[in-house]
Colleague: 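Handing you a structure now.
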2 protein chains.
Amino acid sequence: MGMVQFVHPPREDITLAGVLAALADPMRLRIVKSLLERKDCMSCTEAAPCPGMAKSTLSNHFRVLREAGLIQTSKKGVEHRNVVREADINARFPKLLKTILGMADEG
Amino acid sequence: MGMVQFVHPPREDITLAGVLAALADPMRLRIVKSLLERKDCMSCTEAAPCPGMAKSTLSNHFRVLREAGLIQTSKKGVEHRNVVREADINARFPKLLKTILGMADEG
DNA sequence: TCAATAGTTCACTATTACTGAACTATTGAA
DNA sequence: TTCAATAGTTCAGTAATAGTGAACTATTGA
C-alpha cells in the first residue's frame, strides 16, 4: 500500500504528439539530453541540471517523460534510476530523438 | 487603428522549444502538414482539416504557429494566406521539419 | 449601402502547471 | 530497534494557459 508504481506505456502506445509535448519543455529536453550523454542510469536530482527547482516540479517532469514513453524508471535503493528508452523511441520514430537532441544546444 | 498586424519572428529568434511546442498539438501538426503538401498558400479554414472547431480556436492555433516562426501569414483580400517558413526552419534546424512531418501519420 | 465572408479580439470558463507541505520508502548509524 | 537523513511522490491550493461564443474589424461584391 502506498507502494510507488511507475507507468510505462508499451512501445506501440508511444505517440508523436506525446513525445513532442514532452520534449517541448526546455527543462525536460535538458533532462533527456543529460540522460543520453551519460548513457547509464541517473537519479532524478542527478539528471536535472537545475538546482533551484522544487522537488515536486522535478518529479512531475519525470512523470511526464515517463508517461510519454521517453524514459524508463526503476527503483534502486532510496533513489529512482532513469534511462532513455532509445530503442523504443527509435523503433517508433526513427532519427527523431537524434535530430531533436542534436539541436538542443543552439535553440 | 484596429489594423491587424502579424508577428513574424526573425529567423534567428526561432527556438527549438517553440517549434516543438507548436508542433506538439495534433491539430497544429495537421495544419503544417496540410500546408506543406499543397506548397502554395492556403487560407486558415482551408488549411485546417477540422470543421467542428471554433473560429477563435483556429485563429489561436495559427497565431501560435506564426509566433513560433513556423508559418508566414499575409493578407490577401478578405482572407489570410499562410505558408510554412521552410527555408527558415531548415536553416535553423536542418531536417527537423522533414523528420517530424514524415512521422505525423502513424503517430 | 447592405449582406456575406474571413479572421481577430475579448471575456469567461476549464484545464493544466508550479509549488510548499505532508507523506512513503529506504539506508545507515547510534 | 529506533532515529535521522535522503529521495522522491502525492496533495491541495494558486497561477498560468487553452478553448469557446459573442462582438468586432476588414474586405468583397451585389
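A, B, ... follow the sequence lines: proteins, then strands. Residue 1 opens every chain. Please read these numbers as outputs of a predicted model, since none were measured by experiment. Computation of the quantities below employed the complete heavy-atom set of this structure, encompassing side-chain atoms and omitting hydrogens, waters and symmetry-equivalent molecules.
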Colleague: Who pairs with E67(B) by side-chain hydrogen bond (donor to acceptor under 3.5 Å, both in side chains), at least two apart in sequence or on another chain?
Modeller: R63(B)
Colleague: Any side-chain heavy atom of F62(B) within less than 4.5 Å of one from H80(B)?
Modeller: no
Colleague: Quick one: list whatever passes salt bridge (charged side-chain N to carboxylate O under 4.0 Å, His left out) with R85(B), sequence neighbours left out.
Modeller: D88(B)
Colleague: K76(A) NZ to dA25(C) C1': how many Å, rounded?
Modeller: 17 Å
Colleague: Partners of A24(B) by side-chain contact (heavy atoms from CB on, under 4.5 Å), sequence neighbours excluded?
Modeller: L20(A), A21(A)
Colleague: Applying side-chain contact (heavy atoms from CB on, under 4.5 Å), can you list everything that pairs with T99(A), at least two apart in sequence or on another chain?
Modeller: K95(A), M103(A), L96(B), T99(B)
Colleague: So, is H80(A) close to the dT9(D) phosphate, meaning a side-chain N or O under 4.0 Å from OP1 or OP2?
Modeller: yes
Colleague: Does a side-chain N or O from R66(A) land closer than 4.0 Å to OP1 or OP2 of dT9(D), or not?
Modeller: yes
Colleague: With sequence neighbours excluded, tell me which residues meet side-chain contact (heavy atoms from CB on, under 4.5 Å) with S56(A).
Modeller: A54(A)
Colleague: Spell out protein contact along nucleotides 14-21 of chain C as letters: B when the base is contacted, S when just the sugar-phosphate is, - when no protein heavy atom is under 4.0 Å; keep the 5' to 3' order.
Modeller: ----SBB-
Colleague: Nearest whole angstrom, please: distance from the P of dA26(D) to the CZ of F6(B).
Modeller: 12 Å
Colleague: Rounding to an integer number of Å, can you tell me how far R81(B) CZ sits from dA6(C) C1'?
Modeller: 12 Å
Colleague: Kindly express the pairing pattern of DNA chain D in dot-bracket notation, using | wherever a base pairs with another strand and counting only Watson-Crick or G-U pairs under 3.5 Å.
Modeller: ||||||||||||||||||||||||||||||
Colleague: I need the CD-P distance between E79(A) and dT27(C), as an integer number of Å.
Modeller: 10 Å
Colleague: Just verifying a value: how many Å separate L23(B) CG and L29(B) CG, rounded to the nearest 0.5 Å?
Modeller: 6.0 Å
Colleague: Just to verify, what does D25(A) make a salt bridge (charged side-chain N to carboxylate O under 4.0 Å, His left out) with, not counting sequence neighbours?
Modeller: none
Colleague: Between atom CG in L65(B) and atom C1' in dA18(D), what is the gap in whole Å?
Modeller: 14 Å
